[in-house]
Amino acid sequence: MAEDLPGPPGSSNRDDRPGARPTEPLGAPAHPPAPPPSSGQPGGDQQPPGSGPPPEQQPAAQQPGWGQTGYGTPPTEGMAVAALVVAIAGFFVCAPVGAIVALVLANSAKQRIEASGGRLSGLEQARAARVIAIIELVLTAIVVLLLAVGAVIAVNTSGGQEEGVPVPTPMSAPRSMNAGSFSS
């Protein structure tokens, strides 16, 4: 029976089969020792996960959920983003129509953001869309005004007649023919 007891490596009472684990010494712990506590945590009073008191519940407005990023920033109002996109695209597509649509969307987004009580963001995008839309409308008004002034100037300088084309005048008969030289 003495051969079954573990001994120092290389002794004759050890089973040296390939792939077999050496036997543990008597009195050794059945499980590996726990890792040392990490820095920043007090001593060895660690509890396994889930064995402590339940975590405090956050209010529903603070919990990350649908549409929230989880980093403390509320989701952006979609109409504010749409207003900004329409305002920028309006410069290239149809300035007055795009500007008017962007103003309507920006005002609606602003009202929804203010009514949400901080649950929605995007006020900056709505303001930017309003500023861009107003600039578009002002530039469109200036272009229309310049075209109208140019048209009026073009009509007045030509006088309604094209240069180089003679204007016919009515001809009257000479006076000598009307003098009554033929009398009977």
Side-chain angles (χ1 to χ4, degrees), residues 29 31-169:
H31 299 288
S38 63
S39 64
Q41 290 186 353
D45 296 11
Q46 293 182 353
Q47 295 179 352
S51 64
E56 294 182 26
Q57 294 291 325
Q58 294 179 345
Q62 294 177 356
Q63 289 181 348
W66 180 262
Q68 292 186 355
T69 60
Y71 296 108
T73 58
T76 303
E77 169 63 37
M79 276 197 225
V81 175
L84 186 59
V85 169
V86 169
I88 292 170
F91 267 117
F92 305 106
V93 178
C94 186
V97 174
I100 292 169
V101 170
L103 278 175
V104 170
L105 286 174
N107 288 334
S108 176
K110 181 183 173 196
Q111 289 174 354
R112 289 182 66 172
I113 291 168
E114 289 173 351
S116 74
R119 289 178 304 209
L120 293 174
S121 66
L123 199 56
E124 297 82 17
Q125 287 93 345
R127 286 182 185 152
R130 289 180 71 197
V131 168
I132 292 171
I134 290 171
I135 290 171
E136 280 183 56
L137 288 175
V138 168
L139 290 176
T140 302
I142 289 172
V143 167
V144 168
L145 184 64
L146 288 176
L147 288 175
V149 168
V152 168
I153 290 173
V155 167
N156 286 338
T157 57
S158 67
Q161 300 174 0
E162 294 186 29
E163 296 179 12
V165 177
V167 178
T169 57

Side chain Ser116, main chain Ile113, donor-acceptor under 3.5 Å: yes
Side-chain donor-acceptor distances from residues 121-139 under 3.5 Å, at least two apart:
from, atom 1, to, atom 2, distance (Å)
Ser121, OG, Pro74, O, 3.3
Ser121, OG, Pro75, O, 3.4
Ser121, OG, Thr76, OG1, 3.4
Arg130, NE, Asn107, OD1, 3.2

Rounded distance (nearest 0.5 Å) linking atom CG of Leu145 with atom CD1 of Ile142: 8.0 Å
Heavy-atom closest contact (Ala102 atom, Val86 atom, distance): N-CG1, 4.0 Å
